[in-house]
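When a ligand or atom number is given, it counts from 1 through the structure's own listing order.
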Amino acid sequence: MPDNNINAANENEKTRSLQEHTTDADGQFITTNHGVRINDDQNSLKAGERGPSLLEDFILREKITHFDHERIPERVVHARGSAAHGVFKLHTDMSKYTKAGFLTDTNRETPVFVRFSTVAGSRGSTDLARDVRGFAVKFYTEEGNFDLVGNNMPVFFIQDAMKFPDLVHAVKPEPHNEIPQAASAHDTFWDFISNAPESAHMIMWVMSDRAIPRSLRMMEGFGVHTFRFVNEQNKSCFVKFHWKPLLGVHAVAWDEAQNLSGKDSDFHRRDLWEAIENGDFPQWEFGVQIVPEEDEHKYEFDLLDPTKLIPEELVPVQRIGTMTLNRNPDNFFAETEQVAFHVGHVVPGIDFSNDPLMQGRLFSYTDTQLIRLGGPNFHEIPINRPIAPVHNNQRDGFMRQTINRGKTAHSPNGMSGGCPFQAGKMQGGFTSFPERISASKVRERSESFFDHFSQAKLFYNSQSDAERNHLTDALCFELGKVETLSIRERMLYFLAQIDGGLAAAVAFSIGMHVPKGLQTPLNQVVPADADQNRYNSVVKEGSLQKSAALSMANGPKDSIATRKIAILAADGVDETSLNAVKNALVAAGAGVDVIAPRMGFINGEKNTTVPVSKSLMTVASVFYDAVYVPGGMNSVATLEADADAVHFLNEAFKHCKAIAVDTAAMQVLKATYFGRKLPEDNELNTVLMEGVIIDAGAAVADKFIKAIAQHRFWDREKARKVPA
Ligand code: HDE
């Protein structure tokens, strides 16, 4: 077929869209799966009204059979997920480094589908588990699908794919009693970790607040492995991929996370869904760190080691495009559940590195889809279909949907004029980067992978005081739940190699001492011939001491866009102040709920009605970023005496949120734990009360907005005396 015919055919196929596969039942009759209209979908066919059901009832049998087969196996990891459609728009041409069309043509808009997930829990588990978050992006490029199957943390627990099943078995619920769900705070996980010092860096990330994001929209994303870019001249460089959220990176408090797990285990899913429904489309900038091929061995760490990041101080992240998520899936199962990502889905211009973790993943993803989605044709499921045309001689298999015309399914052929043709370099055929390799076949790990602790230290040292406290608390919590003493002891030894103070603080909390030497040698569980030193610290001196990019505290704090603010009110509220503050918050981009003891409407003191969004029965402060209490004598009297309202404020205070109170509502504040302890009113500006704004009427709004933009006032935790 001449080239221009191929192009015309390609154009036609490009017009296929996911929409083509959606169905809408509006105004339609109910039918069987074979298109027969059904006249009664509520009653089975019986021999007489009170008689037995008849086997011939094909309508009943089809309905029940389909139902019986509704479930498919959940993902073995990352089972719990939420996803959205969107678009990627490049703003900086990368053709110097790569020939990938979607990274060189700044006029293109590339459709994407993004699935966020937790790793350890089952499909119905809580969104708020302490866990890594998956951040998987499918780019439907004109040259085929590129999947960037990353996480919200830039490093991983292990260096070699061989250890992945062990890691996952260790973190999943324990096999004898299937406890605990979606939690790493148990013996098997820490047993594994304490014997795998390569996980030190990742443990710092997972114990940090990055593991309990405020929102999926407020997380960074990372490709983790080092990839290759390859340009038109076949020159290659190394690249690390990043996603930087425009809303900044924010977390909740651990107590809040646990609370949310009970009150709304769909918190992140709901938040993403609602933001998109409201038109608050989440956005990320796409970033790359480029390392020239000749610099491969320039760093103290190995670029192929997935437990290491490239500090942004050494190689800045260049921001090259923006991803916007602008459409919720139409159907969770068809799209979010059936989407199949694969690290091996790359397009010309992007290639792999020899990272041994990545290499194992290149096998795993197709393999898992075969069992999870039931056969080799999962690429035909609408959400997985590329927008680029597909032609090859692969045929048949369960649930094949493509109807291939013609006699040939072989190549080379003469009968079909040689079609489909191999695409040469000029026609955009994928060619692997011809990396030169000369080596012995070994089961070995490179010595350049043995420094397990320097970047763990770098991360720890780069945290703000509050972040470091949270990380310490997280370890106290997790190891406090570990029952086997020798595991706790090994972990203390492990932590001591990261930071003596950290190890001592955790030891104190779990009632132990940091061991001087290792009582239970690690080499009991590593291969007998392994050199013990390889599994211990090989810290390189003179490394970078701190990296600002590793701390969430250094992120932008200038916007309250999409934040959720609660206004507590009851009958008799001062509606003028309420409306003024509400309008100011909405104008600044926040979402506001008026919360009252009952739903419907409340009457303002000037007798206007104020609509109530939620009742105190159904919400809690953990759903909100900040809370405001307007004045109005009767409203204040009601709230002061309402335990739920007082608890709402206590909890918001405990979780270090911005709180605004009208001077006419001081009684409500005084009813709280922290308000009762207030020094006399004019001395409120102590650290403890930072972020608690007291002012009259609309004057509260400006200060309140600035406070909400700070996200949290973690210094309040220094008092550590707030119940709630
Ligand atoms: Fe995955 N991983 N993984 N993984 N992974 C899966 O694929 C696997 C790893 C990641 O939203 C599975 O379709 C191996 C690192 C995400 O659908 C499975 C190894 C990173 C998702 C699998 C790793 C990831 C998965 C399960 C070590 C961050 C969810 C279901 C060699 C860079 C994608 C599936 C989605 C899913 C295997 C390590 C990210 C079993 C063997 C490192 C975001 O194939």
Side-chain angles (χ1 to χ4, degrees), residues 72-85 112-123 127 131-138 145 147-172 192 196 198-199 201-202 205-206 210-211 216 219-227 239-243 268-269 272 304-309 329 332-346 352-374 378-379 381 383-384:
I72 62 170
E74 65 176 30
R75 286 165 174 81
V76 56
V77 282
H78 296 265
R80 168 85 188 165
S82 308
H85 292 272
V112 295
F113 187 68
V114 182
R115 183 173 180 274
F116 303 103
S117 47
T118 54
V119 178
S122 295
R123 197 178 138 183
D127 282 344
D131 201 351
V132 194
R133 297 299 183 289
F135 193 131
V137 182
K138 190 177 282 292
N145 288 352
D147 293 352
L148 186 54
V149 200
N151 278 344
N152 75 330
M153 298 177 188
V155 291
F156 202 64
F157 294 94
I158 49 171
Q159 296 173 318
D160 192 303
M162 196 74 157
K163 296 178 82 159
F164 190 66
D166 300 294
L167 165 72
V168 174
H169 289 169
V171 73
K172 285 274 180 184
F192 176 87
E198 70 202 70
S199 63
H201 188 193
M202 182 64 169
W205 283 85
V206 183
R210 302 263 182 164
L216 301 171
M219 303 190 311
E220 286 184 295
F222 304 89
V224 177
H225 313 284
T226 300
F227 287 73
V239 58
K240 291 261 193 198
F241 294 114
H242 295 250
W243 293 109
H268 284 152
R269 176 176 289 181
L272 178 68
L304 303 185
D305 173 356
T307 65
K308 305 296 182 299
L309 50 81
F332 184 90
F333 180 83
E335 301 177 83
T336 309
E337 198 56 18
Q338 293 202 112
V339 65
F341 293 95
H342 180 18
V343 189
H345 292 162
V346 290
F352 315 115
S353 71
N354 295 329
D355 171 343
L357 190 69
M358 183 194 223
Q359 293 282 319
R361 295 180 74 197
L362 292 176
F363 160 74
S364 177
Y365 287 71
T366 307
D367 186 41
T368 210
Q369 311 308 351
L370 289 173
I371 180 104
R372 188 170 75 80
L373 298 170
F378 58 86
H379 60 282
I381 297 171
I383 195 67
N384 295 324

**Q** Which ligand 1 atoms, with their elements, are less than 4.0 angstrom from a heavy-atom of Ala161?
**A** 31 (C)
**Q** Just distances here: any N/O of His225 and N/O of ligand 1 closer than 3.5 Å?
**A**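 Between His225 and ligand 1, no N or O pair is found under 3.5 Å apart.
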**Q** Do any N or O atoms from the side chain of Arg361 and from the backbone of Val149 form a donor-acceptor pair under 3.5 angstrom?
**A** yes
**Q** Is any side-chain heavy atom of Met358 closer than 4.5 Å to one of Pro306?
**A**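 No, too far: nothing below the 4.5 Å cut-off.
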**Q** Determine yes or no for a side-chain-to-main-chain donor-acceptor pair under 3.5 angstrom, with Asp160 supplying the side chain and Pro356 the backbone.
**A** no
**Q** To the nearest 0.1 Å, how far is atom 39 (C) of ligand 1 from its closest protein heavy atom, and which atom is that?
**A**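 Of the protein heavy atoms, Arg361 NH2, 3.2 Å lies nearest.
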**Q** With side chains defined as the heavy atoms from C-beta onward, is the minimum distance between His379 and Gln369 less than 4.5 Å?
**A**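 They are not in contact (no side-chain heavy atoms under 4.5 Å apart), so the answer is no.
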**Q** I want to check something: taking the side chain as every heavy atom from C-beta on, are Asn384 and Lys138 in contact at a cut-off of under 4.5 Å?
**A** yes
**Q** Could you tell me which atoms of ligand 1, counted from 1 in the order shown, lie closer than 4.0 angstrom to a heavy atom of Arg115?
**A** 11 (O), 17 (O), 35 (C)
**Q** Report whether any nitrogen, oxygen or sulfur of Ser364 sits less than 2.8 Å from atom 1 (Fe) of ligand 1 (N, O or S, backbone or side chain).
**A**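 Given the 2.8 Å cut-off, Ser364 does not count as a ligand of atom 1 (Fe) of ligand 1.
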**Q** Looking at atom 17 (O) of ligand 1, what's its closest protein heavy atom, distance included?
**A** Arg75 NE, 2.7 Å
**Q** Give me the one residue out of Phe222, Phe241, Phe352 that meets ring pair (Phe, Tyr, Trp, His ring centres under 6.0 Å) with Phe227.
**A** Phe241
**Q** So which heavy atom in the protein is nearest atom 10 (C) of ligand 1, and how far is it from that ligand atom?
**A** His78 NE2, 3.2 Å
**Q** Taking heavy atoms and a distance under 4.0 Å, where does Val224 meet ligand 1: side chain, backbone, both or neither?
**A**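 The side chain, only.
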**Q** Output the list of atoms in ligand 1 that are nearer than 4.0 Å to some heavy atom of Gly134, sorted by atom number.
**A**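 Result: 43 (C).
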**Q** Against ligand 1, does Gly150 come closer than 4.0 Å with any heavy atom?
**A**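 The answer is yes: ligand 1 sits under 4.0 Å from a heavy atom of Gly150.
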**Q** Do His342 and Thr366 have side-chain atoms, one donor and one acceptor, less than 3.5 Å apart?
**A**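 Thr366 and His342 do have a side-chain donor-acceptor pair below 3.5 Å.
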**Q** Which option wins on minimum heavy-atom distance to atom 31 (C) of ligand 1: Val149, Val119, Asp367, Leu357?
**A** Leu357
**Q** Identify the residue among Arg80, Arg133, Arg269 that makes a salt bridge (charged side-chain N to carboxylate O under 4.0 Å, His left out) with Asp127.
**A** Arg80
**Q** Using modelled atom types only, decide if a donor and an acceptor are shared between the side chain of Asn152 and the backbone of Arg210 within a distance under 3.5 Å.
**A** yes
**Q** Would the distance check show the side chain of Glu335 and the main-chain N or O of Pro329 forming a donor-acceptor pair, the cut-off being under 3.5 Å?
**A** no
**Q** May I ask you to identify, for Gln369, whether its side chain, its backbone, both or neither come under 4.0 Å of ligand 1 on a heavy-atom basis?
**A**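 Near ligand 1, Gln369 shows its side chain, while the N, CA, C and O stay back.
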**Q** Just so I know, are the side chains of Leu148 and Trp243 near enough to count as touching, which here means a heavy-atom distance under 4.5 Å?
**A**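 Yes, their side chains come closer than 4.5 Å.
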**Q** So if I count the atoms of ligand 1 from 1 in the order they appear, which ones are less than 4.0 Å from some heavy atom of Phe341?
**A** 11 (O), 17 (O), 33 (C), 35 (C)
**Q** Using a 4.0 Å heavy-atom cut-off, which part of Thr368 comes near ligand 1: side chain, backbone, both, or neither?
**A**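 For Thr368, only side-chain atoms sit under 4.0 Å from ligand 1.
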**Q** Of the listed options (Phe363, Phe164, Phe113), which comes nearest to atom 8 (C) of ligand 1 when hydrogens are ignored and any heavy atom counts?
**A**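 The residue whose heavy atom sits nearest atom 8 (C) of ligand 1 is Phe164.
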**Q** State, yes or no, whether a side-chain contact exists between Ile383 and His85 at a heavy-atom distance under 4.5 Å.
**A**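 A side-chain contact exists here, since the closest heavy-atom pair is under 4.5 Å.
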**Q** So which protein heavy atom does atom 6 (C) of ligand 1 come closest to, and at what separation?
**A** Tyr365 CE2, 3.3 Å
**Q** So if I count the atoms of ligand 1 from 1 in the order they appear, which ones are less than 4.0 Å from some heavy atom of Val76?
**A** 40 (C)
**Q** Nearest to atom 28 (C) of ligand 1, what protein heavy atom do you find, and at what distance?
**A** Asn151 ND2, 3.2 Å
**Q** Tell me which part of Phe156 gets within contact of ligand 1: side chain, backbone, both or neither, using heavy atoms under 4.0 Å.
**A**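 Near ligand 1, Phe156 shows its side chain, while the N, CA, C and O stay back.
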